[in-house]
Amino acid sequence: MDKIRVVITGIGVISPNGTGREAFGKAIFEGVSGIRPISLFETTEFKVKTAGEVTSFKPQEFLGDKGLRTLDRSTKLVASATKLAIDDSGLIIHDNNSRSAGISLGSTFGSISSISDFDREALTDGPRYVNPALFPNTVINSPASQVSIKFGIRGFNATISSGSCAGLDAIGYALDQMKLGRAGVVFSGGVEELCLQVFLGYYKSGCLAGLKGPEICAPFDKRRNGIVLGEGACVLVLEELELALSRKARIYAEICGFGASFGSGRLNQAISAALEDSGISPSEIDFISSCANSAKDLDCEEAFAIKKVFGKESSRVFVSAVKSVLGESLSASAAFQVAAAAEAIERQAVYPTVNFEEKDGLCDLNYVVNKAKSCKINKALITASSKSGYNSSLIISRCK
Amino acid sequence: MPGVEEEIKNLVATIIEKDPAEINPDANFFKDLGVDSMMALEILAAIEKKYKISIPEEKLTQLTTLNQTIAVAREYIK
């Protein structure tokens, strides 16, 4: 039996700097930042005031007027991104193919604000008076389930909660399912909403930019001093190559391989595993869509991991961090990185890492900074690493 | 001040996402108005919260039209 090949045929993005694949691509290549003063909750009490917030989001534009009342922000973000991805792919889900279509979604903190709201109502009005229709939002698999219901996707449905790696881990899981012949199409990616509860967690943990230095999102820059939170949703349509070719779909890129590891400072193992899974060598990688998020330690660890795997090649391969314009959107972040890498392959150019002014000797890689750069990109590596020890990597290539 | 009838009609309209004027008080929630089981539970919970009352769950099956819902609620509103 021939090996099943998986390709990306649709990209749906709701991001702080653009809605839809084209607007997102234009924004990242022009270095337009989506980081702005937070409007979703009051920040007067805090030293930190900004985030990559999705403003002017109107889910009814994508999902219609009805049935949105009890859905939480995460669900509305990811359902809207799914609609954009479906439209972008030209795929039609119907009775004959819905059973072979699955969902694999990264989502980690989406239910926190819903749990908080549900509990607040029980505590203030009494447990008898909680709204039962809001209970489904309190579980982390609610966004993926609602997407299945909304779009009639009747194959497998999975939610993966591994923080900043969740978007890649979800794609890795989708890849496995497809290679095992369990799905012909998978909607995969990640979602995270910006809310006070998550903000407080990161703020009180001292992880945010602005607490120990300037409030900037400056991956790999010496001035970096913490992350800027972000939010949004990114959904990719992953499709078997044969199916995509049979319907003459536009193919953005092929998914070559995935790797993961656990433990602080072990991103290099995830990168090596992805290279091995793809059957390619470091010398074939043209570009790295980096997970650097302006954290003092993680950016450095990523640079170290890249140097460890790529050796001398690390001074050749282009590196850029899209989080410089999006912030750290956790479960959505790695999916955004994949969409950005696919866009780089499409345009044969690398988008810039903005806010890069001061070099850090500990992070000396071949960055594309402040301005996009045209170059040949056949294969791209996407990295993901979280403070809690998750590491993942994915390799995509131009489809031939 | 709207009466109980008007208040419950507005509550139901919000939950089923219809204009209050569109709701025939004798229309069947499930067959005519597209109400599902979660919405029925939500209607019951919203009425309980609004009037700070407890309606036994076995009464849920009687909430099949707006008029019947108002009648059930009236049994418990003091």
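Sequence lines set the chain letters: A, B, ... in the order given, protein chains first and strands last, and positions in each chain run from 1.
Classification of A:K76 and A:D72 as a salt-bridged pair fails, no side-chain N sitting under 4.0 Å from a carboxylate O.
Residue contact with chain A, scored on non-hydrogen atoms closer than 4.5 Å, is absent for B:I47. With a 4.5 Å cut-off on non-hydrogen atoms, B:I43 does not touch chain A at all. For B:K52, the parts sitting under 4.5 Å from any heavy atom of chain A are the backbone and the side chain alike. In this structure, the portions of B:I15 lying under 4.5 Å from any heavy atom of chain A include both its backbone and its side chain.
Between A:S329 and A:E192, the side chains place no donor N or O within less than 3.5 Å of an acceptor N or O (distance only, hydrogens not considered).
Under the 6.0 Å cut-off for aromatic ring centres, A:F187 and A:F151 do not qualify, their centroids lying 6.0 Å or more apart.
Between A:F118 and A:F135, the two ring planes are tilted [angle within 30° to 60°].
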